[in-house]
Amino acid sequence: MTEPVIPFQSFREFYPFYLSQHRTRGCRRMHFVGTASVLLALAYVGATASWSILWLLPLLGYGFAWAGHFFFEKNRPATFRYPLYSLIGDFVMFGQVLRGKLTF
């Protein structure tokens, strides 16, 4: 069954919903690993100009995140309904975990 798309007016309005889709530590950890992997790969590309590995970025980021939803959260990733807000949410959540504002 398809979940309804809620018309969020801003990211600030969306983010509490995003967090509600990432309640388990396992899911947040998988997102964290995926985002960290993307950032490390981007740093590597920047340092070495190895542009050919850019295709790995979606696999790293989405692969870990979607595995977190499948194995831990048991829900459908918000990316399918809110792609831009979900991408932003992932980096905001990553920063909050780094600063200790969300449990890891």
Side-chain angles (χ1 to χ4, degrees):
M1 178 167 253
T2 309
E3 295 178 35
V5 175
I6 302 166
F8 295 106
Q9 300 301 312
S10 67
F11 176 75
R12 182 180 294 258
E13 197 177 293
F14 169 79
Y15 193 59
F17 167 76
Y18 183 82
L19 289 178
S20 78
Q21 302 299 295
H22 301 85
R23 290 184 180 142
T24 65
R25 292 176 100 179
C27 184
R28 288 193 303 271
R29 287 175 177 170
M30 293 296 284
H31 273 265
F32 188 88
V33 169
T35 302
S37 298
V38 165
L39 293 174
L40 288 171
L42 280 173
Y44 179 79
V45 168
T48 64
S50 299
W51 307 108
S52 62
I53 68 163
L54 285 175
W55 67 271
L56 284 172
L57 297 180
L59 292 177
L60 291 170
Y62 288 121
F64 281 101
W66 292 352
H69 284 280
F70 179 77
F71 291 111
F72 298 102
E73 203 66 48
K74 311 262 193 262
N75 65 9
R76 185 175 178 206
T79 301
F80 298 120
R81 291 173 284 160
Y82 311 98
L84 181 58
Y85 280 164
S86 292
L87 180 63
I88 296 167
D90 195 54
F91 283 98
V92 170
M93 187 171 67
F94 181 81
Q96 287 184 326
V97 168
L98 280 179
R99 292 189 311 274
K101 293 188 176 209
L102 281 176
T103 56
F104 178 70

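We use all heavy atoms of the structure for the numbers below, so side chains are in, but hydrogens, waters and symmetry mates are not.
One hydrophobic cluster holds both Phe72 and Phe70 under the rule that ILVMFWY side chains link at heavy-atom gaps under 4.5 Å. Both Leu42 and Trp55 sit in one connected hydrophobic cluster of ILVMFWY residues. Membership requires side-chain heavy atoms under 4.5 Å apart, directly or through other members. Taken together through direct or relayed side-chain contacts under 4.5 Å among Ile, Leu, Val, Met, Phe, Trp and Tyr, Leu59 and Trp51 form part of one hydrophobic cluster. Cluster membership for Trp66 and Phe94, using ILVMFWY side-chain heavy atoms within less than 4.5 angstrom, is not shared. Residues Phe80 and Tyr82 do not share a hydrophobic cluster, clusters being chains of Ile/Leu/Val/Met/Phe/Trp/Tyr side chains in contact below 4.5 Å.
Other residues, nucleotides and ligands contribute at most 12 non-hydrogen atoms within 6.0 Å of the OH atom of Tyr44. Residue-environment remark: CZ (Phe11) exceeds the threshold of 12 foreign heavy atoms within 6.0 Å.
Note: Ser86 OG to Phe14 CZ = 3.5 Å, rounded to the nearest 0.5 Å. Taken to the nearest 0.5 Å, the CG atom of Leu60 stands 10.0 Å off from the OG1 atom of Thr35. Note: Tyr85 OH to Glu13 CD = 8.0 Å, rounded to the nearest 0.5 Å. Atom CZ of Phe91 and atom CG of Leu39 lie 5.0 Å apart (nearest 0.5 Å). Taken to the nearest 0.5 Å, the CG atom of Asn75 stands 9.0 Å off from the CZ atom of Arg23. Remark: His69 NE2 to His31 NE2 distance equals 3.0 Å, nearest 0.5 Å.
Annotation: side chain of Tyr18 is not in contact with side chain of Ile88 (no heavy-atom distance under 4.5 Å). You'll find the side chain of Met93 reaches within 4.5 Å of the side chain of Tyr15, heavy atoms only. A heavy-atom distance below 4.5 Å is found between the side chains of Leu98 and Phe32. Contact of the Leu102 side chain with the Leu19 side chain is registered, since non-hydrogen atoms from C-beta on lie closer than 4.5 Å. Looking only at side-chain heavy atoms (C-beta outward), Thr103 and Arg28 come within less than 4.5 Å of each other.
Ring to ring, Phe8 and Phe17 are close: their centroids are under 6.0 angstrom apart.
The two residues Ala41 and Leu57 make their nearest non-hydrogen contact at CB-CD2, 3.6 Å.
With sequence neighbours excluded, the residues satisfying side chain to side chain contact (heavy atoms under 4.5 Å, CB included) with Arg12 are Ser10.
Checking side-chain atoms of Gln21 against main-chain N and O of Pro77 turns up no donor-acceptor pair under 3.5 Å.
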